[in-house]
Visitor: 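Sharing a structure here in structure tokens format.
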2 protein chains.
Amino acid sequence: MSTRGAPSPRRPPAPAGPDHHALDTDLGFALGLVFRRYLRSAGAVMADLPGGPRGYQVLAEAAGNNAGTQLALAQRLGIDRTVMTYLLDDLERAGLVARRPDPADRRARRIVATEVGQVRLAALDRELRRAEEHLLAPLDGPDREAFRELLCRLAGHAQALDPATSACQVVAEVTGSGCPGEGTGSR
Amino acid sequence: MSTRGAPSPRRPPAPAGPDHHALDTDLGFALGLVFRRYLRSAGAVMADLPGGPRGYQVLAEAAGNNAGTQLALAQRLGIDRTVMTYLLDDLERAGLVARRPDPADRRARRIVATEVGQVRLAALDRELRRAEEHLLAPLDGPDREAFRELLCRLAGHAQALDPATSACQVVAEVTGSGCPGEGTGSR
DNA sequence: TATTGTTATACTCTATAACTATA
DNA sequence: TATAGTTATAGAGTATAACAATA
């Protein structure tokens, strides 16, 4: 459990009963199960991408020319700036992104995606789409849409409640990459 | 990213567009967002429980008298047996569970919840229930039920696809506690 | 003096392997 | 010889702090 008293899905109560496996009633556990399945597919897709999911994030920003400087990118994605250095080292070594001098500030580097990187990103996106569809496969058309809609409504609220949310921060937190200044000591 | 090319939620494509923030279409990201919100609440609930979410799992098993021996418990929950040792040390020190000699095998220990542990568990369960309800608050009655139902259907399929799934394993994997024999090297 | 990016150090957590005691 | 549990060691990953170049 990385830094915080890391939270989790679990299957809940049944006030005292010995047979403690009421999967149906446990929302958190079900969420975890479904999310994990998505993570697995997405993970497989990004398995050989340097930096994994975070590498994907960076690549996507770079490809959209949203990246800006290294620091800005790190802040936007909620990645530590020292980690960003390693991440970019790997992505650059793989020929997917490049660090270019910022004409306005000689300290800063602007991050851009190479052509190879853009092609790679497009391929990744296609595969991720497929993974999503695969996840929803058990639901038929109308149910699938209903689920999407309800989930998005929940997600909207969740995001409204703490707005400082980038996809990458979600990854980091959910995935156990710690948040500064906590530390449980639970071993 | 702990051991595997750890997967993640991300917001997807928009084939090339610079404004890359199509939250609505990204299932994985939405899932991550919602799940994280649950993790936060659940994490807060278990913040001062030794072992965090895994401690909860162990406590729940012990309280249900399902625990059996230490090894059996570890296997059932998908926890490494060495980790189980530390976990139980902490829980025992906190007076929540006890290791009792197994009458049939003097090597083994049977794990049971103390009275304090049972009370604590009941309180935790109540709070977790509330956290669940809070998560679903944005949906009204029928929508809430619909969401639960759809999610459980997906979860059922997910579980069917890899049956060796305990709640604790889900925690471990989703949360970044690695799975043996992988290692990306992505830094 | 403050800031961008890099490098080095410390800390947390997990897994692997060695060890003790029973079987 | 194999198994339950414990302890010790090493590896992966992150954050913290010190550093160089520029503003």
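The chains referred to below are lettered A, B, ... by the order of the sequence lines, with proteins before strands, and numbering in each begins at 1. In this text, all values refer to a predicted model and were calculated from it rather than measured experimentally. Values below: every heavy atom of this structure, side chains too, minus hydrogens, waters and symmetry copies.
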Visitor: Does the pair A:R129/A:E133 count as a salt bridge with the N-to-O cut at 4.0 Å?
Guide: no
Visitor: Atom CD of A:Q75 to atom C1' of C:dT4: distance rounded to whole Å?
Guide: 11 Å
Visitor: Dump every N/O contact between nucleotides 5-7 of chain D and the protein below 3.5 Å, one line per pair.
Guide:
from  : atom 1 : to     : atom 2 : distance (Å)
D:dG5 : OP1    : B:Q70  : N      : 3.1
D:dG5 : OP1    : B:R109 : N      : 2.9
D:dG5 : OP1    : B:R109 : O      : 3.3
D:dG5 : OP2    : B:L71  : N      : 2.5
D:dG5 : O6     : B:R81  : NH2    : 3.1
D:dT6 : OP1    : B:R99  : NH1    : 2.8
D:dT6 : OP2    : B:Q70  : NE2    : 2.3
D:dT6 : OP2    : B:T85  : OG1    : 3.0
D:dT6 : OP2    : B:R99  : NH1    : 3.0

Visitor: What pairs with B:R100 under side chain to side chain donor-acceptor pair (under 3.5 Å), at least two apart in sequence or on another chain?
Guide: none
Visitor: Taking atom P of D:dA2 as reference, at what distance in whole Å does atom CZ of B:R106 sit?
Guide: 22 Å
Visitor: Determine, step by step, whether A:D48 and A:R120 satisfy the salt bridge (Lys or Arg N to Asp or Glu O under 4.0 Å) criterion, reporting the C-alpha distance in whole Å, the side-chain angles of both residues, the deciding distance to 0.1 Å, and the verdict.
Guide: CA-CA 11 Å; A:D48 53 348; A:R120 180 72 170 273; 3.8 Å; yes
Visitor: Report the end-to-end axis angle of the helix from C:dT1-D:dA23 to C:dA23-D:dT1; each axis comes from five terminal pairs, and the value is rounded to 10°.
Guide: 30°
Visitor: What is the distance from CG of A:L73 to P of C:dT4, rounded to the nearest Å?
Guide: 14 Å
Visitor: Charged N to carboxylate O below 4.0 Å: is that the case for B:D143 and B:R148?
Guide: no
Visitor: Would you kindly give the CZ-to-C1' distance between A:R100 and C:dT4, to the nearest whole Å?
Guide: 19 Å
Visitor: For the atom pair CZ (B:F35) and CG (A:L39), what is the distance rounded to the nearest 0.5 Å?
Guide: 8.5 Å
Visitor: Can you confirm whether the side chains of A:D125 and A:Y56 place a donor and an acceptor under 3.5 Å from each other?
Guide: yes
Visitor: If you measure from CD1 on A:I111 to CG on A:L91, what distance do you get to the nearest 0.5 Å?
Guide: 9.5 Å
Visitor: Report yes if at least one side-chain N or O of B:R54 is closer than 4.0 Å to OP1 or OP2 of C:dC13; otherwise report no.
Guide: no
Visitor: Which whole-number value in Å describes the distance from B:I79 CD1 to D:dA4 P?
Guide: 17 Å
Visitor: Can any side-chain N or O of A:T69 pair as donor or acceptor with the backbone N or O of A:A108 at less than 3.5 Å?
Guide: no
Visitor: If you pin B:D105 and A:D80 to their nearest nucleotides in DNA chain D, which one's is more 5'?
Guide: B:D105
